[in-house]
Amino acid sequence: YSFFPGEPRWPERNRDLTYAFDPRNSLTEEVKSVFSRAFVRWAEVIPVTFTRVEVFSISDIRIGFYSGDHGDGEPFDGVMGTLAHAFSPPNGHFHLDGDENWIVSGDVGGDRLLSVTAAVDLESVAVHEIGHLLGLGHSSVQDSIMYPTITTGRRKVDLTSDDVEGVQYLYGPNPNFNGSRSTPPPSTQQRDTGDSGAAGGI
Amino acid sequence: GFYPNSSAIPPDLRRNATENVWNSFMNFTGCHAGMKVNGLYKLKQYFQHFGYIRQTLPKNFTDDFDDILKNAVETYQRNFHLNITGELDELTLKHVVMPRCGVPDIVNGTSTMHNGRRRTYEVSFSGKGPRFHAVKR
């Protein structure tokens, strides 16, 4: 695991983070629930909560799908190539390439291969980018969530010990975290906290 | 677009998904320092974007396989546990063209990705309160 220069993290006084979606994307609830699941995976291991709000402009984390040049100097490049990017704390911007074929699997579960290689699993990318939003850089541990590349057609959403060690270095462990995690996380929880409590395994 | 599952993607969209914007890099397979290859400047721009070539260098790269590119390839191969040859072998390029996150692997010229693991082992005996620090020498 690695960190951004200066090891930025969300300050102690602001660990109950809010997130919202760019209203211009008109996302369905099904798409939004993919991000809820992704946030829960991180919230289970650190004392940080993520709450969805409707006011995009004032939320801590702002999620949007854009194509090509979208004003942050990091234009997207169409299908494949760069899939998404997110900024280190406390910036909170989380951008995804609107030209990708995003798979909103819905049938929650762990890592596996999707049948078609032209697809990108949205939750896999979301879990990775949330790691950046929390302050993690890229890792060279191939199975880790924070490994920069993803094989097309692959679903990779389970945090590895490398990811957990890194994020707990920044925020400490979730007091309710007992070393195991629920799989799958609840999909309909409006307030995404990590205390779903069901046992699971890394 | 969003699809409930991968088989719902229309065939024509699947086809163009294989036209990865980076696929042309595979044409550089076998290239090595000292060569001059048409279009190589694009790969240099790719490595600069992801932090393997300093941002301070001008973006109007040449097509020469120079030391700048060789160093970038070696660092990339080290980060991704590939054979560190400094040459554009097929495995390295297959990795380069994989879809990925847009955040650079190297920020401000420091690559911590490969050895980012901290040397301080933090052992937490409780969810809160003081933590026991141990430093490995």
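All chains are named by letter (A, B, ...) in the order of the sequence lines, taking the proteins before the strands, and each is independently numbered beginning at 1. Hydrogens, waters and symmetry mates are skipped; everything else that's a heavy atom, side chains included, is used.
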Pairs of heavy atoms under 4.5 Å with chain B: top-ranked of A:Asp99, A:Asp77, A:Leu27: A:Asp77
Which atoms of B:Phe50 approach chain A - backbone, side chain, both or neither, heavy atom under 4.5 Å: side chain
Chain B contact via A:Glu100 - side chain, backbone, both or neither, heavy atoms under 4.5 Å: backbone
Between CZ on residue B:Arg100 and OH on residue A:Tyr147, distance to nearest 0.5 Å: 9.5 Å
Validation row: A:Pro148, B:Phe80 side chains within 4.5 angstrom (heavy atoms): yes
Distance (rounded to the nearest 0.5 Å) between A:His85 NE2 and B:Cys101 SG: 9.0 Å
Spacing of NE2 belonging to B:His49 relative to CD belonging to A:Glu74, to within rounding of 0.5 Å: 4.5 Å
B:Pro99 and its side chain to side chain contact (heavy atoms under 4.5 Å, CB included) partner, picked from A:Leu83, A:Val79, A:Asp97: A:Leu83
Part of A:Glu129 within contact of chain B (heavy atom distance under 4.5 Å): side chain
Least distance between heavy atoms, A:Thr82 atom then B:Gly102 atom: CG2-CA, 3.4 Å
Within 6.0 Å of NZ in B:Lys36, more than 12 heavy atoms from elsewhere: yes
Expected output: side-chain B:His81 to main-chain A:Ser140 donor-acceptor under 3.5 Å: yes
Shortest non-hydrogen contact between A:Gly81 and B:Trp22, atoms and distance: C-CH2, 3.3 Å
Side chain, backbone, both or neither of A:Phe76 within contact of chain B (heavy atoms, under 4.5 Å): neither
Atom group of A:Phe87 that falls short of 4.5 Å from chain B, counting heavy atoms: neither
Gap separating the OG1 atom of A:Thr28 from the CZ atom of B:Phe2, nearest 0.5 angstrom: 7.0 Å
Side-chain heavy-atom pair A:Val104, B:Tyr3 within 4.5 angstrom cut-off: no
For chain B, the option from A:His132, A:His128, A:His95 that forms the most heavy-atom pairs under 4.5 Å: A:His132
Inter-residue atom distance B:His95.NE2 - A:Thr149.OG1, 0.5 Å rounding: 4.0 Å
Neighbour count >12 (heavy atoms, 6.0 Å) for atom NZ, B:Lys42: no
Minimum heavy-atom distance B:Pro104-A:His138, with the two atoms named: O-ND1, 3.6 Å
B:Arg54 atom CZ, over 12 foreign heavy atoms within 6.0 Å: no
